[in-house]
2 protein chains.
Amino acid sequence: MRIARAGTAVTKSQLKVLRTEHSHRLVPAVASPAVQSVLPVNEILVGDCLEKLASLPPASIDLVFADPPYNLQLEQTLSRPDQSLVDAVDDDWDKFASFADYDEFTRAWLSGVRRVMKDNATIFVIGSYHNIFRVGTILQDLGFWILNDIVWRKANPMPNFRGRRFTNAHETLIWAGKSAAAKNYTFNYEALKAGNEDCQARSDWFLPICTGTERLKNETGSKTHPTQKPEALLARVLLAASQPGDLVLDPFFGTGTTGAVAKKLGRSFIGIERDETYAKAARARIAAAEPYPDEAVSAAPSKRAQPRVAFASVVEAGLIAPGAMLCDEKKRHRALVRADGTLMLASAGAELSIVGSIHKVGALAQGLPACNGWTFWHVERNGKLAPIDDLRTTIRGALKVAAE
Amino acid sequence: MRIARAGTAVTKSQLKVLRTEHSHRLVPAVASPAVQSVLPVNEILVGDCLEKLASLPPASIDLVFADPPYNLQLEQTLSRPDQSLVDAVDDDWDKFASFADYDEFTRAWLSGVRRVMKDNATIFVIGSYHNIFRVGTILQDLGFWILNDIVWRKANPMPNFRGRRFTNAHETLIWAGKSAAAKNYTFNYEALKAGNEDCQARSDWFLPICTGTERLKNETGSKTHPTQKPEALLARVLLAASQPGDLVLDPFFGTGTTGAVAKKLGRSFIGIERDETYAKAARARIAAAEPYPDEAVSAAPSKRAQPRVAFASVVEAGLIAPGAMLCDEKKRHRALVRADGTLMLASAGAELSIVGSIHKVGALAQGLPACNGWTFWHVERNGKLAPIDDLRTTIRGALKVAAE
DNA sequence: TTCCGCCATGAATCCAACC
DNA sequence: CGGTTGGATTCATGGCGGA
């Protein structure tokens, strides 16, 4: 049995699961020993995704992680404010002639993946607004059952350089079961809760993007793959929805983040990748990966820093009303609170149009280069002046419950 | 003209936009004065969403906020009641049929909404993983252009009682323009940034759900509407993507959160709601809402809206004399001011014939593809270097006085 | 050795007015 | 309508080199 062979440190409860699967599903699926023997565990299949999927036996996979092309549809170049050029994803593999073409491609690979999933297997697909809605629709149309959509909030996203949209600071993962009937999928609820300060794991995850030494580079020092995912993201996926010894399929393997994390966490993997350059880098990477000690294979609580609070959220929360007046401690300067969280300086007789952040307006009022608006501006409550920093403290108390 | 009436402090460039829209779109659309006169500003249209949308003139709306139904099993507007999801989860045909019904409904109302949107209008649609993927796909298929997907992270989501999934702690908003060609949509970038600690606004928003006194209750104490959205969410939408006086459409008005917030923020609204009970609650709520003071909601001055000033007029005004020398902040480059408002680069020993605009010469001096000459070039005054942007500010001040 | 400043960079559907 | 020009625009992090 390849699956049993590939597993490491299988616990009693895990054994029970394996046994159950064996008796109910694996046996019919692997009636032909010839087929079973070719299940390429911990290997990278280099070639076309659909062909390689078709070569795998049905109902053999425990978990799927898929990072398909996003179909970004970029048409121009983009420069940073310092005139440096953004290194965009312009690879051929991300180009599709139309939404219809992208849909056809998506339907094909998702159908192929669904065939090789065990009935209680689940799938994660990651994407952005360019493609994720199409992926989600097709998942539903094919009979998958969505369990959650999950938001990967990026700690350090690329800014919006032209100031014409919100900073695109997240990507979306869809987590789905093979069908609505499959209720006995793996979800390590207790472990996730224990690793999250005894608080249920939420559908929003806060993680940095992949940079630094984790980011693979080629000989010339440029990135090996344009869209390498952070290992922390894959770790959270595998820890949440698989057990040690499980077999994880990644049909868009790239440089093998899924494989490296699977090895570290005591899972097996099968990767499909059509680009030999990526596959080669993945092989070297996975060979160098060291499995963690068994007892370390559990979710680790993440550090949390003091959350940054915007003055706009103080206004939104109703702690101070638009139109209210602020002043400094000595009542020498006054400013009006606006609905969007900016201030308008109320200078005697002068132009009333100075509008800006609490910090900027505080600095302008005093003629200083900078100012901490939180401590400079005060609000009158019960005849006493209190710094608006007190309002921030209130907000932080509420945030602490849920924010990371 | 309702639109001009509603506008406040219309600038020259805005007037031009209005004129363009008037001549190209509004006039043909409102050929019949009777139709124009019935634009039901600040009213709630009680009835079928599609019918009411069809009664509105085309290209008349500045911003749309839509919170469509997504519970297939309870949705009565769908042409076929759906029992298939519960009873026959394995039946792909039934499943497809019910999704198809939802898709048909979605395509219908989104088409109706698109017709009444001005070309530079945008739309926000909110949903969860049950429906948002289908909404996003249909938005794209209808020609809308997605600008962002936005995640509303809930401060206090309902816990997951079964412990079989991640706590569903967010909802998704899709922000889209009417088409990819429409680039001049409203996005109050600078105000959002100023209200967010001078840091550009991200695609993930953290807000509490609607509870407490904000939550409408009926006589028996139960909630009036099952999915009432928090006003803070609507406030952020309106503050980000509309201007005071703009007309906001909400085709699923419910208990009127959009209308109440629009009134408070100096926007107009049109609501469509088929349930008279909800509409009645909304009317009372909006009547009780108090607008914030004008100066708390007026459009924040943005650099983009400032009138253009030619460097030639700075020279003409005598603020800097022909023959004067400019340099960059680090005194690495020097250029001579010419009487016609062009600069001549003074490179050491090399050809002196490089002449061009402040931007071109700045770019050439640094070997960059582009440069903002206003902030790059400096002039020495009283032993200190000041950017020539200061001179532009002086000119603009004079222009402002002359205009009044 | 440590600290500080400078520089590079990340899945990006990223401008608008004028001639 | 297309080409050209004006000029507005960035956050967090890691690496590196000099002090």
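Just so we're on the same page: letters track the sequence lines, and every chain starts at 1.
A:Thr258 meets the side chain to side chain donor-acceptor pair (under 3.5 Å) test with A:Asp250; sequence neighbours excluded. For A:Phe161, there are no ring-ring contact (aromatic ring centres under 6.0 Å, His included) partners, not counting sequence neighbours. When the salt bridge (Lys or Arg N to Asp or Glu O under 4.0 Å) test is applied to B:Glu316, no partner is found at least two apart in sequence or on another chain. Considering only residues two or more places apart in sequence or on other chains, A:Asn156 meets the side chain to side chain donor-acceptor pair (under 3.5 Å) condition with none of them. Not a single salt bridge (Lys or Arg N to Asp or Glu O under 4.0 Å) links B:Glu197 to another residue, sequence neighbours left out. By the ring-ring contact (aromatic ring centres under 6.0 Å, His included) test, B:Phe124 pairs with B:Trp175, sequence neighbours left out.
Note on A:Pro68: a base of the nucleic acid sits closer than 4.0 angstrom, heavy atoms only. A:Asp67 comes within contact range of at least one nucleobase, with a heavy-atom separation under 4.0 Å. B:Ile358 comes within contact range of no nucleotide atom at all, as no heavy-atom separation falls under 4.0 Å.
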> With Watson-Crick and G-U wobble geometry limited to distances under 3.5 Å, how should the secondary structure of DNA chain C be encoded in dot-bracket form, using | for bases paired to another strand and [ ] for crossing pairs?
Replying inline: .|||||||||....|||||
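Heavy-atom distances under 4.0 Å link DNA chain C to A:Ala88, A:Val89, A:Trp93, A:Asp94 of residues 88-96 of chain A, given in residue order. DNA chain D is contacted by no residue of residues 218-233 of chain A, taking any non-hydrogen atom closer than 4.0 Å.
Of the candidate nucleotides C:dA11, C:dT9, C:dT13, C:dT13 has the atom nearest to the side chain of A:Asn168.
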Just the table, please: protein N/O against nucleotides 1-5 of chain C N/O, every pair under 3.5 Å.
none

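For residues 207-235 of chain A, the set of pairs meeting the salt bridge (charged side-chain N to carboxylate O under 4.0 Å, His left out) definition, not counting sequence neighbours, comprises A:Asp67-A:Lys229, A:Asp87-A:Lys223, A:Glu231-A:Lys264, A:Glu231-A:Arg285.
The aromatic ring of A:Phe161 is not stacked on the base of C:dC14, since the criterion of ring centres less than 5.5 Å apart with planes inclined by under 30° is not met.
In summary, contact between chain A and DNA chain D, defined as any nucleotide atom under 4.0 Å from a heavy atom of the protein, begins and ends at D:dG7 to D:dG15 in the 5' to 3' direction.
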